[in-house]
Amino acid sequence: DGVAPVGTTASTATACGSTAVNPGSVLGTVAACTAGQGHTWLASALCYNWTGATDRIEIAASPTLNSTTVQLTLQAWIFPTDVASRPILEFNSGTAFGPHFWQGAGTGNGDLFANLIDTNSANHVVASTAGFVKAGVWQLVTMTFNGNLAKLYHNHVEIASRTFSSMPPLKVNTSLFVGRRPSAGNVFSGRIDEVRVLRRALTPEEVEGDFFGGTFLMKKSTLDTVPFTPLQLDNTHLDPDAPAAANPPTPGLSATTAT
């Protein structure tokens, strides 16, 4: 499918296609997060932290990524420090940009924004209203395009869509940047984990599965004002308040398989 995971190791990012592996360069002051700060909060979970003005992960242009010209999914777990206009994922030549996925670019206040720029450099924008992206929490953001219909998701909920007809192929023959627009100096602020770039559109069910995969929701009150808390399944504490001895290992539910 053309997957580009970020947070797989402390020093590298890779983009893996069905026939090739595309290594990413970790540049600027981007650093691996402290263990356990990834979106699952497991001790083994890793992510990357954007804190500097030149921070980015760059995945060089390749035939594998260029195969996303008709359909495309851009997805990442993000933990932003603010809700201002900042890049999440962007195809960019260094002087001009291609398809990109940002937070806050439409309103400057927590919206999701994508521009599916085609090979004629024409804009095709789909954007949500303000207020979806929150600072200081992990959230899954996804843009899907099936060649006709573009959708934006915040966590597992569709928040915007737009239909485009007779579009030329997408302009994806450039490097892919995570958390950076090099041609203008815009940069993400916060943590990014589990980036995915697919040459097809994920279904709503798949997006929902990505959000809930390996987690369950619980709360200890019947009050509506008490929120559910997402918890990661592991093989030692299925009940987070029970002693370890009360929770024997369960096959298939481990820190390794759940990440």
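We count residues from 1, following the sequence as given.
Note on W77 and F79: same hydrophobic cluster, where clusters join Ile, Leu, Val, Met, Phe, Trp and Tyr whose side-chain heavy atoms are under 4.5 Å apart, directly or indirectly. Hydrophobic clustering, with ILVMFWY side chains joined whenever heavy atoms are under 4.5 angstrom apart, groups V157 together with V133. Transitive grouping of hydrophobic side chains (ILVMFWY, heavy atoms separated by less than 4.5 Å) keeps L74 and I117 in distinct clusters. Placement of F97 and V172 in two distinct hydrophobic clusters is found when ILVMFWY residues are connected by side-chain heavy-atom separations under 4.5 Å, directly or transitively. Hydrophobic clustering (side-chain heavy atoms under 4.5 Å, transitive across Ile, Leu, Val, Met, Phe, Trp, Tyr) keeps M143 apart from V70.
Not one N or O on the side chain of R191 forms a donor-acceptor pair closer than 3.5 Å with the backbone of C33. R200 places no side-chain N or O within donor-acceptor distance of the main-chain N or O of L72, the cut-off being under 3.5 Å. At least one donor-acceptor pair under 3.5 Å links the side chain of D118 to the backbone N or O of N120. For R180 (side chain) and A53 (main-chain N/O), a donor-acceptor pair under 3.5 Å exists by modelled atom type. A donor-acceptor contact shorter than 3.5 Å is absent between the side chain of Q139 and the backbone of H154. Checking side-chain atoms of T73 against main-chain N and O of L202 turns up a donor-acceptor pair under 3.5 Å. Here the side chain of N155 pairs a donor or acceptor atom with the backbone of L140 at under 3.5 angstrom. Using a distance-only test at 3.5 Å, with no hydrogens or angles considered, no donor-acceptor pair links the side chain of S128 to the main chain of A160.
Side-chain contact between W102 and P87 is present, with heavy atoms from C-beta onward closer than 4.5 Å. Residues F132 and Q103 are not in side-chain contact: their nearest non-hydrogen atoms beyond the backbone lie 4.5 Å or more apart. When side chains are defined from C-beta on, V126 does not count as touching F145, because their heavy atoms never get closer than 4.5 Å. The shortest distance between side-chain heavy atoms of T163 and N148 falls below 4.5 Å. A 4.5 Å side-chain heavy-atom check between L27 and I57 finds every atom pair outside the cut-off. Side-chain contact between L89 and V178 is present, with at least one heavy-atom pair separated by less than 4.5 Å. Put simply, the side chain of P182 reaches to within 4.5 Å of the side chain of F177, judged on heavy atoms. Residues T174 and F91 have side chains in contact (heavy-atom distance under 4.5 Å, counting atoms from C-beta outward).
Here CG of N49 is found 11.5 Å from CG of D193. Values are rounded to the nearest 0.5 Å. Going from atom OG1 of T51 over to atom CZ of F188 covers 12.0 Å, rounded to the nearest 0.5 Å. Rounded to the nearest 0.5 Å, atoms OG (S183) and CD (E90) are 6.0 Å apart. Summarising the geometry, atom CG belonging to N146 is positioned 11.5 Å from atom OG1 belonging to T203; distances are rounded to the nearest 0.5 Å. Interatomic distance, CD of Q71 versus OG1 of T144, reported as 9.5 Å (0.5 Å rounding). Atom CD1 of I78 sits about 4.0 Å away from atom CD1 of I88, to the nearest 0.5 Å.
Ion pairing between R196 and E206 fails under the 4.0 Å rule for side-chain N and carboxylate O.
Contact detail for V137 and P80: the closest heavy-atom pair is O-CD, 3.9 Å. Listed here is the closest heavy atom pair of L116 and F164: CD1-CE1, 4.3 Å. Between W50 and V187, the closest heavy-atom pair is CD1-CG2, 4.0 Å. Considering all non-hydrogen atoms of both residues, G106 and D111 come closest at N-OD2, 3.0 Å. Nearest approach of V125 to F113, heavy atoms of both residues: CG1-CE1, 3.5 Å. For F101 against A114, the heavy-atom pair with the smallest separation is CD1-CB, 4.2 Å.
The aromatic rings of W138 and H39 sit perpendicular, their planes meeting at an angle over 60°, well past the 30° parallel limit.
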*Can N186 and S85 be said to form a side chain to side chain contact (heavy atoms under 4.5 Å, CB included), step by step?*
CA-CA 9 Å; N186 304 87; S85 178; 5.6 Å; no
